[in-house]
K.L.:
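Shown below is the structure under consideration.
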Amino acid sequence: MNAPRRRNPRPTQSRVAIVGANFAGLRAAQGLDSGFDVTVFDPSPWFEWLPNIHELVSGAKRSSDLTLARKRLVAAAGHHFVRAAVTGIDAKRGTLETANGTVHEFDYCIVAVGGIGDTHGVRGVERHALPFRSVEQCAAIGRRLAVLMRGRAPRSIVIVGGGFAGVEALGEILRRYRSRASLTLHIVEAGPGLMSGVSTKIDAAVRKLVRPYDVRIHTGLPVAAITPTGVRLQGGKRLHSDLTIWTGGGVAPPLLHAAKLAPKPRQWAPVDATLRSRRHHNVFVIGDAAALPEPIPKQAFHALEMGECAAANVRRAAARRALRPYRPSRTPLLVAFGDLETFLVAGRSVVANPALAAGKETVYQVTMAQIDPPSSVHALGGLASRVIGATRRLVPSK
Ligand SMILES: Cc1cc2nc3c(=O)[nH]c(=O)nc-3n(C[C@H](O)[C@H](O)[C@H](O)COP(=O)(O)OP(=O)(O)OC[C@H]3O[C@@H](n4cnc5c(N)ncnc54)[C@H](O)[C@@H]3O)c2cc1C
């Protein structure tokens, strides 16, 4: 290990390290002021707006619509951004180490590393399927589809996973390509129905919407293997595939267990109601990475709220005041099905209406503007380009 790097904080400043700077980590950074010496670590230079990444598949959005430069956002909050992955956290010593071997000291650490794609141990996923978890990955799927759909050769696309992401992926492919002849779309889900954890209504509505097209829904069928030419289901059935999209959900990254924040590999890090690690009192774990005492869905708006709460609790801890519990708000979820339908999910109740697409767009526009307040030329330019893009999409030219 290199000698710990210590930036020269003012004597009254607590040193805060934030590991991961997407929804949860970035919002935590924005909640801490210059009274703290804050360093933010992330290997990627771009903040990514994940709730709309399915729209990259159809080209309804471009990568630049969904990304913001982290360095600029962190600097605007008055903090220091280090573009590096954190490879180890030693909470007892109050140090962390980055991939390039730099050691950094902290008084408080906020861990907001999200999750990583889960292959569920299925053979061939990494080699033969395209993952669907980041802006870059969804843009790559969009490019592959555009090439495949040229000409008139019959094409078969398989989406593995009939959860939120799989349903949104299917909707986007239909948005762009549903009039193409000789196109077969398969969606495969191990559970009893599409988005069965949310409501049976979405499964029924999607089945009705896809009736005019060659869409085949395979539920209750786990995938056994992905091959270069298709997908093999348990029981032996094979689906030919020119492109396989994997939306298999997420699992905890190895860092959580390695840093002794999670008891076992692949497990999220247990926290108390104030988001403080159950294992280390100087560490807060927020966003998808956290296992709360009362589990909540892993969603962006909860990650943002947890970022705010963790920043407030670091301020309280530094002032030796009692910490406050995190209270998740009950924000409904909007699930887009291309331009065919949008579902609003509130608890177990579901409302379906294509006009709700404007609601999803508004959430995106407003939250992006909150993350990147239009006070600089860059932010104003970004906001203008997002609004123009949205207007074009919602009001298509004749
Ligand atoms: C396809 C898809 C669609 C979704 N749609 C919706 C939706 O419509 N609505 C909704 O509310 N939610 C949605 N979600 C869920 C939402 O995106 C997550 O809940 C949210 O991103 C969690 O935020 P986070 O900050 O905890 O983690 P993430 O957004 O995953 O960010 C984690 C960050 O940590 C960084 N990181 C990871 N490891 C390290 C390390 N070792 N060192 C430093 N940095 C590291 C990563 O680079 C990343 O920037 C969707 C998710 C996906 C994948």
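Counting starts at 1 for both ligands and their atoms, following the listed order.
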K.L.:
Are F301 and F23, when compared by the centres of their aromatic rings, separated by less than 6.0 Å?
P.N.:
no
K.L.:
When you measure from the side chain of T219 to the backbone of E189, do you find a donor-acceptor pair of N or O atoms at a distance under 3.5 Å?
P.N.:
no
K.L.:
Distance under 4.0 Å to a non-hydrogen atom of G20: what atoms of ligand 1 satisfy this?
P.N.:
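Taking each heavy atom of G20 in turn, ligand 1 has 34 (O), 35 (C), 43 (C), 44 (N) under 4.0 Å.
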K.L.:
Do you see a protein non-hydrogen atom under 4.0 Å from atom 14 (N) of ligand 1?
P.N.:
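No.
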K.L.:
Just which atoms of ligand 1 are under 4.0 Å from any heavy atom in V19?
P.N.:
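By the 4.0 Å cutoff, the relevant atoms are 42 (N), 43 (C).
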K.L.:
With nothing but distance in play, are any N or O atoms of F132 less than 3.5 Å from an N or O of ligand 1?
P.N.:
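No; the residue has no nitrogen or oxygen that sits under 3.5 Å from a nitrogen or oxygen of the ligand.
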K.L.:
Within ligand 1, which atoms have a heavy atom of A24 less than 4.0 Å away?
P.N.:
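Those of ligand 1 that fall under 4.0 Å from A24 are 25 (O), 26 (O).
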K.L.:
Is it true that the side chains of T227 and R232 contain a donor and an acceptor less than 3.5 Å apart?
P.N.:
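The answer is no; no qualifying pair exists.
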K.L.:
Heavy-atom contact under 4.0 Å between F47 and ligand 1?
P.N.:
no
K.L.:
Would you mind running through ligand 1 and noting each atom that sits below 4.0 Å from a heavy atom of K298?
P.N.:
15 (C), 19 (O)
K.L.:
Are the side chain of T247 and the backbone N or O of F132 linked by a donor-acceptor pair below 3.5 Å?
P.N.:
no
K.L.:
Mark yes or no: K61 above the aromatic ring of W49, with NZ or CZ under 6.0 Å from the six-membered ring centre and no more than 45 degrees from the axis.
P.N.:
no
K.L.:
If I apply the N/O under 3.5 Å rule, does G25 come out as touching ligand 1?
P.N.:
no
K.L.:
Given V86, T367, L50, which one has a non-hydrogen atom that is nearest to atom 17 (O) of ligand 1?
P.N.:
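When every heavy atom of V86, T367, L50 is considered, L50 comes closest to atom 17 (O) of ligand 1.
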K.L.:
Does ligand 1 have an atom that lies less than 4.0 angstrom from a heavy atom of A289?
P.N.:
no
K.L.:
Do me a favour and list the nearest non-hydrogen protein atom to atom 18 (C) of ligand 1 with residue, atom name and distance?
P.N.:
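Of the protein heavy atoms, D288 OD2, 3.3 Å lies nearest.
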K.L.:
Would you say N313 and R316 make side-chain contact, with heavy atoms under 4.5 Å?
P.N.:
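Side chain of N313 against side chain of R316, heavy atoms only: contact under 4.5 Å found.
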K.L.:
Pull out every atom of ligand 1 sitting under 4.0 Å from any heavy atom of G114, numbered as shown with elements.
P.N.:
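Heavy-atom distances to G114 below 4.0 Å select 27 (O), 30 (O), 32 (C).
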K.L.:
For R70, take its heavy atoms, then give the atoms of ligand 1 lying under 4.0 Å from any of them.
P.N.:
49 (O)
K.L.:
Is it the case that T95 and D90 place a side-chain donor and acceptor less than 3.5 Å from each other?
P.N.:
no
K.L.:
I need the nearest protein heavy-atom contact for atom 20 (C) of ligand 1: residue, atom name and distance, please.
P.N.:
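The protein heavy atom lying closest is F23 CD1, 3.7 Å.
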K.L.:
Quick one: does Q13's side chain have a donor or acceptor within less than 3.5 Å of a partner on S34's backbone?
P.N.:
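The answer is yes, because a donor-acceptor pair under 3.5 Å joins these two groups.
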K.L.:
Only heavy atoms of F164, strictly under 4.0 Å: list the atoms of ligand 1 that pass.
P.N.:
4 (C), 5 (N), 6 (C), 7 (C), 8 (O)
K.L.:
To check your reading of the model: name the closest protein heavy atom to atom 31 (O) of ligand 1, its residue, and the distance in Å.
P.N.:
N22 CB, 3.1 Å
K.L.:
For ligand 1 and Q299, I'd like to know whether there is a polar contact (N/O to N/O, distance under 3.5 Å).
P.N.:
yes
K.L.:
Compute the shortest N/O to N/O distance between D42 and ligand 1 and return yes if it is under 3.5 Å, no if not.
P.N.:
yes
K.L.:
Distance-only, no hydrogens or angles: does the E168 side chain make a donor-acceptor pair with backbone N or O of G338 under 3.5 Å?
P.N.:
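Here the side-chain-to-backbone pair does not exist.
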K.L.:
Sort out for me which residue in V111, I110, V271, I18 forms a side chain to side chain contact (heavy atoms under 4.5 Å, CB included) with I286.
P.N.:
I110
K.L.:
Determine, using heavy atoms of H54 and all atoms of ligand 1, whether some pair is separated by less than 4.0 Å.
P.N.:
no
K.L.:
So, 4.0 Å and heavy atoms of P43: is ligand 1 close enough to count as a contact?
P.N.:
yes
K.L.:
Could you tell me whether the side chain of Q267 and the main chain of A252 form a donor-acceptor pair under 3.5 Å?
P.N.:
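No, the answer is negative, given that no donor and acceptor are paired below the 3.5 Å cut-off.
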K.L.:
Below the 3.5 angstrom mark, is there an N/O of A300, backbone or side chain, next to an N/O of ligand 1?
P.N.:
yes
K.L.:
Below 4.0 angstrom from a heavy atom of A112, which ligand 1 atoms are there? Numbered from 1 as shown, please.
P.N.:
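Those of ligand 1 that fall under 4.0 Å from A112 are 32 (C), 33 (C), 34 (O).
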